[in-house]
Amino acid sequence: MRIVEARVIVTCPGRNFVTLKIVTEDGVSGVGDATLNGRELAVVAYLEEHVVPLLIGRDPARIEDTWQYLYKGSYWRRGPVTMTAIAAVDTALWDIKGKVAGLPVYQLLGGRSREGVTVYGHANAATAEELMPEIARFVARGYRAVRVQTGIPGLSSVYGVGHKGDSYEPANAALPEEAVWDTALYLDQVPRVFADVRAEFGPHLRLLHDVHHRLTPIEAARLGRSLEPFALTWLEDPVPAELQDGFRLIRQHTTTPLAVGEVFNTVWDCHELITSQLIDYVRATVVHAGGITHLRRIFDLAALHHVRSGSHGATDLSPVCMAAALHLDLAIPNFGLQEYMPHPPEADEVFPHGYHFEDGYLHPSETPGLGVDIDEELAARYPYRPASLPVNRLTDGTLHSW
Ligand code: EZ4
Ligand code: CO
């Protein structure tokens, strides 16, 4: 069997998504997510100019060989654009393999290791008072884990907190919006809010928080220590992760578990963090870390070192990525938690899928392959819109991590 066609589909049902569809001579098709938030068209060009011509005529069954060919064959290894493009191909080939075998992809990965995939939801609000009903809504729906992000008095716009009633979507302007950041105000506010949340919801609800790269190691160490009484499941992206020794410093000071990796592309971004046991959860995901093939490699390394999975699952990862993530989550031995931000209804319509939420768990589709597709006619009704992520500046104007 040969690949006869590969199409790159760009659509904006509420937000931008890039999807690769690979078709075989027998008419079997597979889909892969290729969305890189704010840099979508770079991946489109990479796929159309440099990858699609290499796919035509290849055997779709040779997933590992195709992965190695695209990774080693480009000479320029790693990087978000390259690895997102490789991920899209890899994911689509797993979808095809499942359809040809007549099995859901998790069966090809070794079968189920658990009954469902535990997910966490996002509770966001400007104040602790407004947060409580938000968290309560998740608890009422059966969620066992909730990420809590709060506004900071004195700052008008912070990561993770949207306008009241709206779902949070940070890539909201053609050019980056600028927000003001103040670390001292943040470090003062977050432990107070978690004290209130624990007091309200008791010891059993799993709580998470995303620092979103905005602290230095010693600041993160202080935050981790001040949150210890509230027993977080994880503190995410405490510092930017280019300098990984920073995690060693945080580790020396706090037992608050650490999660990192949503911007990682390969196992080389986290092998030291994992093998030195400097983190507890690795947040790499299918679309940005080389597809199912490479993410499984990362999770296998993690399993040897007491590190569990905690895959990124924000709305800029399409339902195709979510479907693929769930098959892997169900199969691996060291699953931790899966992030889940439901997509807007128009995105769910463009990407018909069989995964479903029930009682705090997501369940992948039982249909052969990934159990997700793209409705290309509907997709064409939502043209691409340029959208950028914001930036942060300190009060004196210095550019800071967002
Ligand atoms: O800011 O996916 O944990 N989730 C996150 C996300 C990221 C976006 C960036 O595209 O940090 O909200
Ligand atoms: Co995050």
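Nothing fancy with the numbering, it's 1 onward along the sequence. As the structure lists them, so they are numbered: ligands from 1, and atoms in each ligand from 1. These numbers come from the heavy atoms of this one structure, side chains and all, not from hydrogens, waters or symmetry mates. Note that the coordinates shown come from a computational prediction; the quantities given were computed from them, not determined experimentally.
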Open item on the list: What protein heavy atom lies closest to atom 8 (C) of ligand 1? Include the residue and the distance to one decimal.
Closed with: Asp316 OD1, 3.5 Å
Open item on the list: So if I count the atoms of ligand 1 from 1 in the order they appear, which ones are less than 4.0 Å from some heavy atom of Asp210?
Closed with: 3 (O), 4 (N), 5 (C), 11 (O)
Task: Matching residue for Arg15 among Thr315, Asn37, Asp316 - test: side-chain hydrogen bond (donor to acceptor under 3.5 Å, both in side chains) - done: Asn37
TODO: Taking only heavy atoms of Arg283 into account, list the atoms of ligand 1 that are under 4.0 Å away from them.
DONE: 3 (O), 4 (N)
Task: Arg147 neighbourhood, listing ligand 1 atoms whose heavy-atom distance to it stays under 4.0 Å - done: 3 (O), 4 (N)
- [ ] Classify the ring geometry between Phe138 and Tyr143 as parallel (under 30°), tilted (30 to 60°) or perpendicular (over 60°).
- [x] perpendicular
- [ ] Looking only at protein heavy atoms, identify the closest one to atom 7 (C) of ligand 1 and say how far it is in Å.
- [x] Glu262 OE2, 3.5 Å
Open item on the list: Looking only at N, O or S atoms, which one in Asp210 sits nearest to the Co ion (ligand 2)?
Closed with: OD2
TODO: Would you confirm whether His213, through its side chain, and Pro240, through its main-chain N or O, come within 3.5 Å as a donor-acceptor pair?
DONE: no
Task: Short N or O distance, Trp402 and ligand 1, threshold 3.5 Å exclusive - done: no
Open item on the list: Is any side-chain heavy atom of His327 closer than 4.5 Å to one of Pro104?
Closed with: yes
Task: Minimum-distance protein heavy atom relative to atom 1 (O) of ligand 1 - done: His212 NE2, 2.7 Å
Task: side-chain hydrogen bond (donor to acceptor under 3.5 Å, both in side chains) partner of Thr254, the single match among Glu228, Arg225, Arg222 - done: Glu228
- [ ] Would you check the N or O atoms of Asn37, main chain and side chain alike, for any that come under 3.5 Å of an N or O of ligand 1?
- [x] yes
Open item on the list: Any N/O/S atom, side chain or main chain, of Glu339 closer to the Co ion (ligand 2) than 2.8 Å?
Closed with: no
TODO: Identify the protein heavy atom lying closest to atom 5 (C) of ligand 1, giving its residue, its atom name and the separation to 0.1 Å.
DONE: Tyr159 OH, 3.0 Å
Task: Glu236, N/O/S atom nearest the Co ion (ligand 2) - done: OE2
Open item on the list: Under a 4.0 angstrom heavy-atom cut-off, which atoms of ligand 1 come close to Glu236?
Closed with: 3 (O), 4 (N)
Task: N/O donor-acceptor pair under 3.5 Å between Asp280 side chain and Leu258 backbone - done: yes
Open item on the list: With a 3.5 Å distance limit and no angle check, can you tell me whether Arg114 reaches the backbone of Ile332 through a side-chain donor-acceptor pair?
Closed with: yes
TODO: Please determine if the Co ion (ligand 2) has an N/O/S atom from Glu262 lying under 2.8 Å away.
DONE: yes
Open item on the list: Donor-acceptor pair, distance only, cut-off 3.5 Å: does the side chain of Glu339 make one with the backbone of Gly313?
Closed with: yes
Open item on the list: As a test of understanding, state which of Tyr355, Phe17, Phe357 forms a ring-ring contact (aromatic ring centres under 6.0 Å, His included) with His343.
Closed with: Phe17
